[in-house]
There are 2 protein chains.
Amino acid sequence: MARSGTGGSKAATLNDVARMAGVSLATASKAINGRDQVAPATRQRVIEAAEQLSFTPNSLARSLIAGRTGTVGLLTSDLEGRFVIPILMGAEDAFGAGQINVFLCDARGDTIREQHHLKALLNRRVDGIIVVGRQTDPRPSLGQGLPVPVVYAYAPSDDPSDVSVTPDNVAGGRLAVEHLLSTGRRRIAHITGDPEYAAAQDRTIGVRAALAEAGLDLVGDVMMSSWSEHWGRAAAGMLLDQHPDVDGIVAGSDQIARGVIDTLRDLGKRVPEDVAVIGYDNWEVLALNSRPELTSIDANLQQLGRTAAMRIFDAIDDGEPDPGVHHLPVRLVIRGSTIERR
Amino acid sequence: MARSGTGGSKAATLNDVARMAGVSLATASKAINGRDQVAPATRQRVIEAAEQLSFTPNSLARSLIAGRTGTVGLLTSDLEGRFVIPILMGAEDAFGAGQINVFLCDARGDTIREQHHLKALLNRRVDGIIVVGRQTDPRPSLGQGLPVPVVYAYAPSDDPSDVSVTPDNVAGGRLAVEHLLSTGRRRIAHITGDPEYAAAQDRTIGVRAALAEAGLDLVGDVMMSSWSEHWGRAAAGMLLDQHPDVDGIVAGSDQIARGVIDTLRDLGKRVPEDVAVIGYDNWEVLALNSRPELTSIDANLQQLGRTAAMRIFDAIDDGEPDPGVHHLPVRLVIRGSTIERR
DNA sequence: GAAACTTCCGAAAGGCCTTTCGGCACGCTA
DNA sequence: TAGCGTGCCGAAAGGCCTTTCGGAAGTTTC
């Protein structure tokens with residue numbers, strides 16, 4: 001962890017470069033930034049001097065002039081939430097390409113901390129802010145008075161004049177049922193997580209709608225409790241007890257699906273021959289290690305992060321937001337738990 | 001996503017505040033920053049003006065003067081790696097308390113991108129850099145010529161003059177065996193992941209050492225292949241085939257442990273009564289949803305992130321690094337897979 | 001009543017870069 | 001040779017804040 005630069009202890013400034021090349025500050029700046037009004041020979045001399053001093057322009061001063069920092073704040077409510085990470089990756093990726101850097105702030109679900117971070121971000125003059133929540137339930141808006149554009153990702157803002165992007169859970173529920181129907185299942189049940197979650201409600205709406213369109217009813221009631229493997233096991237046990245003839249199960253998450261499959265195996269049911277099971281989230285660690293591998297709905301979270309980034313981009317550039325909640329398409333990933341593979 | 005601030009379109013500057021309060025720039029600055037040489041009444045007037053204009057000092061200008069930005073770069077090799085996230089959280093947490101903000105950069109395992117990000121961070125004049133790898137194998141150093149302190153987390157630098165913090169995998173392997181011994185197991189086997197990984201090697205060293213100290217031999221060879229549930233299942237099958245009397249299994253990861261437990265159940269072995277199984281990583285989604293819940297070794301990654309942050313802190317403040325690879329203690333988390341619970 | 005302080009405020013410099021605009025020098029044309 | 005471009009370069013301002021230091025006003029002391 002040596003601190004000394006190539007030459008000395010302090011970073012070289014443009015002044016140093018200019019002096020070394022024997023030109024003025026202005027000329028050095030123009031030479032390095034590819035402006036014209038500089039003779040090729042002079043430019044060359046400056047560039048060489050810059051390299052020799054390993055000069056890098058101080059972005060701070062640059063930003064001060066430009067009135068733009070080329071930074072964006074990523075305000076998450078909770079890094080632990082596994083939905084946050086892919087979104088973050090997508091955003092970081094989209095920005096990385098455009099020379100924008102990302103400030104990461106984790107409020108850990110605390111409003112005070114969120115305000116504190118928000119203030120810090122504004123002090124640092126970020127060009128925009130992406131707020132990432134861990135649930136798809138609406139969250140309080142940061143407010144309208146902010147001097148920079150804000151986009152809400154995953155958890156939409158409760159203020160319709162804000163810009164939000166969130167996965168289309170209704171379409172996801174639909175997609176799951178349609179897939180089961182396409183594999184010939186007709187007796188379909190739905191086991192999902194905490195009924196308080198918008199995600200659970202929305203997916204259920206989709207499931208019901210798709211079944212209704214096919215002229216079918218759900219087998220049994222929607223079973224809602226928690227997003228855990230344990231619940232998946234327990235619920236599957238109850239379901240099979242009451243409706244032994246079920247042939248398709250839409251699980252509200254991959255964890256639940258794993259529990260369901262576990263119980264099915266214990267009860268001597270074959271997956272997918274006797275019962276098809278489809279999960280949700282396409283969490284690969286779970287989906288790929290399941291026996292059989294799990295068909296699942298993927299919310300395209302990374303894409304969602306990228307979209308959020310693009311919207312901030314646009315808002316920064318031409319400032320024409322498109323307010324409201326935008327529902328992004330989800331994707332079906334077919335594996336062995338719904339279709340027999342040889 | 002309104003852009004207008006409380007008053008106008010542009011953020012208020014100190015100048016505006018000074019004018020509004022009827023004082024000079026200098027006085028306004030002193031009043032706001034709590035310097036003395038300002039009469040209480042004047043200070044009050046300034047503060048009110050600042051509030052009214054919702055003035056926030058421009059950190060850029062501030063940093064320009066101070067020669068310090070109060071920012072740190074977090075350079076990860078791969079955000080997908082689940083070990084990176086807790087480290088990141090720990091670091092963000094430690095910094096958040098100290099008014100430092102974090103630039104997140106994901107190089108996605110690409111050296112070019114890493115260099116690119118490194119350069120961007122230096123341009124932004126970060127005060128320090130934390131490099132987070134996704135494996136515990138040594139990684140190439142960023143080099144010695146950097147103008148800011150660097151700390152390597154999880155993946156240590158291959159240059160011993162750098163500062164690195166990484167979990168003590170040897171101690172982890174040891175701890176696992178010692179725990180099994182303490183529950184009365186004597187016929188212990190070890191199933192772990194990819195032999196190319198330092199993590200697999202180090203943990204194995206610890207396992208062997210602890211057994212040797214107890215005067216015992218490993219049951220069968222160390223079984224190394226991949227970090228997957230599938231491998232856990234397969235390996236357990238082979239192991240039980242050859243050594244049906246095994247009574248304790250150290251798994252190299254929680255995923256492997258889950259596979260092992262799966263197979264044990266299929267073969268009619270009870271966990272933990274007949275065979276105790278201990279995992280590694282304490283990945284709660286897996287460990288808590290297992291039947292029975294999984295005893296595991298926790299690498300204290302969040303703590304590791306905090307430690308890395310503290311070291312950067314120190315390096316920034318007094319610049320006395322403590323070079324070399326620092327191995328941080330790991331922790332045993334006891335659950336039902338090793339100890340019978342009623 | 002003058003000298004010596006104490007209080008408080010403001011002008012100005014400084015940090016690092018970009019950009020504008022005036023002007024020097026050279027080469028070309030008439 | 002005088003005049004006019006054209007091509008390059010540099011002085012200076014500007015962006016926003018902090019800090020130093022000089023000085024004005026008010027207060028105390030003898």
Side-chain angles (χ1 to χ4, degrees), chain A residues 5 8-47 49-50 53-71 120 122-127 147, chain B residues 5 8-47 49-50 53-71 120 122-127 147:
Chain A
S9 53
K10 292 283 295 174
T13 102
L14 186 57
N15 220 325
D16 302 334
V17 176
R19 203 168 337 124
M20 185 169 195
V23 298
S24 81
L25 215 59
T27 306
S29 170
K30 281 182 279 193
I32 286 178
N33 296 321
R35 296 250 162 285
D36 47 5
Q37 304 272 7
V38 179
T42 312
R43 184 183 305 267
Q44 189 58 29
R45 224 166 56 234
V46 172
I47 289 176
L53 296 170
S54 67
F55 165 80
T56 60
N58 187 329
S59 312
L60 274 67
R62 221 171 201 167
S63 305
L64 197 56
I65 299 166
R68 269 205 192 194
T69 53
T71 60
L122 293 179
N123 283 355
R124 293 204 185 278
R125 297 297 190 268
V126 293
D127 295 334
Chain B
S9 54
K10 290 283 294 175
T13 99
L14 186 57
N15 221 326
D16 303 333
V17 176
R19 203 168 336 122
M20 183 170 198
V23 298
S24 81
L25 215 59
T27 307
S29 171
K30 282 182 277 193
I32 286 178
N33 296 321
R35 295 250 162 285
D36 46 6
Q37 305 270 5
V38 179
T42 312
R43 183 182 307 263
Q44 189 57 29
R45 225 169 52 237
V46 172
I47 288 176
L53 295 170
S54 67
F55 164 79
T56 60
N58 187 328
S59 311
L60 274 69
R62 219 169 203 170
S63 305
L64 197 56
I65 299 165
R68 267 206 193 192
T69 53
T71 59
L122 293 178
N123 284 356
R124 293 202 185 278
R125 296 296 190 268
V126 293
D127 295 332

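Numbered from 1 within each chain, the chains take letters A, B, ... in sequence-line order. What you see is a predicted model; the values in this text were computed from it and never measured.
For the pair B:S29 and B:L14, the minimum side-chain heavy-atom distance is below 4.5 Å. Here the side chains of B:R125 and A:T56 are in contact, with some heavy-atom distance below 4.5 Å. A 4.5 Å side-chain heavy-atom check between A:N58 and B:N123 finds every atom pair outside the cut-off. Taking 4.5 Å as the limit, every side-chain heavy atom of B:L64 sits out of range of all side-chain heavy atoms of B:T69.
In this structure, CG of A:L60 is placed 10 Å from P of C:dC17, rounded to the nearest angstrom. As rounded to whole Å, 6 Å separates atom P of D:dC17 from atom CG of B:N58. Atom C1' of nucleotide D:dC16 and atom CZ of A:R124 are separated by 16 Å, given to the nearest angstrom. B:N33 places its CG atom 10 Å from the P atom of D:dC17, with the value rounded to the nearest Å. If you take CD1 of B:I65 and P of D:dC16, they are 13 Å apart, rounded to a whole angstrom. For the pair A:D36 CG and D:dT6 P, the interatomic distance rounds to 15 Å; values are reported in whole Å. A:D16 has its CG atom 13 Å from the C1' atom of C:dC17, to the nearest Å. Remark: C1' of C:dA13 and CG of B:L64 are 14 Å apart, rounded to the nearest angstrom.
Not one side-chain nitrogen or oxygen of B:R35 sits closer than 4.0 Å to the OP1 or OP2 atom of D:dT18.
With values rounded to the nearest 0.5 angstrom, B:S63 atom OG is found 12.0 Å from B:R124 atom CZ. The line from CG of A:N33 to NZ of A:K30 is 11.0 Å long, rounded to the nearest 0.5 Å. B:N15 CG to B:F55 CZ: the interatomic distance, rounded to the nearest 0.5 Å, is 10.0 Å.
Listed here is the closest heavy atom pair of A:R68 and A:D127: CA-OD1, 3.7 Å.
A rotation axis mapping the C1' atoms of four pairs onto the next four is fitted at both ends of the helix from C:dG1-D:dC30 to C:dA30-D:dT1 over five pairs, and the angle between these axes is 60° to 10 degrees.
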Report all interatomic pairs (protein N or O, nucleotide N or O of nucleotides 8-12 of chain C) with separations under 3.5 Å.
| from | atom 1 | to | atom 2 | distance (Å) |
| --- | --- | --- | --- | --- |
| C:dC9 | OP1 | B:T42 | OG1 | 2.1 |
| C:dC9 | OP2 | B:A39 | N | 2.8 |
| C:dG10 | OP2 | B:S24 | N | 2.7 |
| C:dG10 | OP2 | B:S24 | OG | 3.4 |
| C:dG10 | OP2 | B:T27 | OG1 | 3.0 |
| C:dG10 | O6 | B:K30 | NZ | 2.6 |

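Partners of A:Q37 under the side-chain hydrogen bond (donor to acceptor under 3.5 Å, both in side chains) rule, at least two apart in sequence or in another chain, do not exist in this structure.
At a threshold of 4.0 angstrom between heavy atoms, the contacts of B:S29 include nucleobase atoms, whether or not backbone atoms are also involved.
The 5' end of DNA chain D is approached more closely, in terms of each residue's nearest nucleotide, by A:A61 than by the other of A:A61 and B:R62.
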